[in-house]
Amino acid sequence: WRVHAQDELATLVQALHGGGIAEVRVEAATALGSIGGDQAVQALTQALLHDESDDVRGMTAYALQAIGGNQALQSLTQALQEDKSETVRKSAATALGMIGGSHAEQVLTQSLLNDESDSVRQATANALGEYGDKEARQPLQAGPRWEFRVEAALALGERGGTELLQAWTQALRGDGSDESAAYVPPILSTTLWLCLAANLHR
């Protein structure tokens, strides 16, 4: 049985790294995520960081999430911070959200504050919505642009709880760090009040 399993693993790794049709590599990544193990993590990490296909790299992010562990976490962090593809960075953000933990929260918070892509920031905001409120409050209160605070407010709104009133109130006031903090656009104000109203009625 072990010989057969090793043969299957080797075949999947070869399919993932063989440079053939992208769809085949996607299927290989999915299967490796189900099998797990150190060899699978190594193969998926290499594909996540080096495969030429956005689709393949995106799927390897989810496969690494399914396996978990420190190596998977580090690889997903690198992909979120460095991959040129918005699609891959969104997949990495979602995968980190599913893994969870303090490191994932910190990485996602930095992505929300620093990523140039609206869609990636939205993905990281959604992922932050799965976590405790302490980490998610930081981008809400101190986001460098009001657009970031809208996304963080929506993420916090998914968590619920009237304890978020303080964070929302601070966001409405801004932090005084830049022009956007001195002026809170109507969309942010409206978003925050809607989040608060929805949670007070839960």
Exercise. Could you check T94, D83, D115 and say which one makes a side chain to side chain donor-acceptor pair (under 3.5 Å) with R89?
Key: D115
Quiz item: When rounded to the nearest 0.5 angstrom, what is the spacing between CE in M59 and CG in L44?
Solution: 11.0 Å
Quiz item: Considering all heavy atoms of both residues, which atom of G68 and which atom of A72 are nearest to each other, and what is their separation?
Solution: O-CB, 3.5 Å
Quiz item: Considering all heavy atoms of both residues, which atom of K90 and which atom of A123 are nearest to each other, and what is their separation?
Solution: CG-CB, 3.9 Å
Quiz prompt | Under 3.5 Å: donor-acceptor pair, side chain of T45, backbone of Q42 | solution = no
Quiz item: Hey, is CD on Q74 packed in by over 12 heavy atoms from elsewhere, all under 6.0 Å?
Solution: yes
Quiz prompt | Donor on one side chain, acceptor on other, Q71 and S75, under 3.5 Å | solution = yes
Quiz item: Which atom pair, heavy atoms only, marks the closest approach of L16 to A29?
Solution: CD1-CB, 4.1 Å
Exercise. Evaluate the criterion side-chain contact (heavy atoms from CB on, under 4.5 Å) for residue pair L9 and L32; output intermediate values, then yes/no.
Key: CA-CA 7 Å; L9 184 61; L32 286 169; 3.4 Å; yes
Quiz item: Closest heavy-atom contact between S53 and A22?
Solution: OG-CB, 4.0 Å
Self-check item: Pair Q122, N126: side-chain N/O donor-acceptor within cut-off below 3.5 Å
Solution: yes
Quiz item: Which atom names give the shortest non-hydrogen contact between A79 and A92, and what distance separates them?
Solution: CB-CB, 4.2 Å
Quiz prompt | Shortest non-hydrogen contact between A47 and H17, atoms and distance | solution = N-NE2, 4.2 Å
Quiz prompt | CD1/I21: more than 12 non-hydrogen atoms of other groups inside 6.0 Å | solution = no
Practice problem: Could you tell me the separation between the CG atom of N114 and the CZ atom of R121, rounded to the nearest 0.5 Å? | Solution: 10.0 Å
Quiz prompt | Cluster link V24 to L12, ILVMFWY, side chain under 4.5 Å | solution = no
Quiz item: R25 versus E52: any side-chain heavy-atom pair under 4.5 Å?
Solution: yes
Quiz item: Does the side chain of T87 pick up a donor-acceptor pair with the side chain of D54 at under 3.5 Å?
Solution: no
Quiz item: Distance from T60 atom OG1 to L49 atom CG, nearest 0.5 Å?
Solution: 8.0 Å
Exercise. Report yes if some heavy atom in the side chain of L76 is under 4.5 Å from a heavy atom in the side chain of L48; otherwise report no.
Key: yes
Quiz item: Which distance, rounded to the nearest 0.5 Å, do you find between the CD1 of I35 and the CD1 of I67?
Solution: 9.0 Å
Quiz item: Is T124 close to V107 at the side-chain level, that is, under 4.5 Å between some pair of heavy atoms?
Solution: no
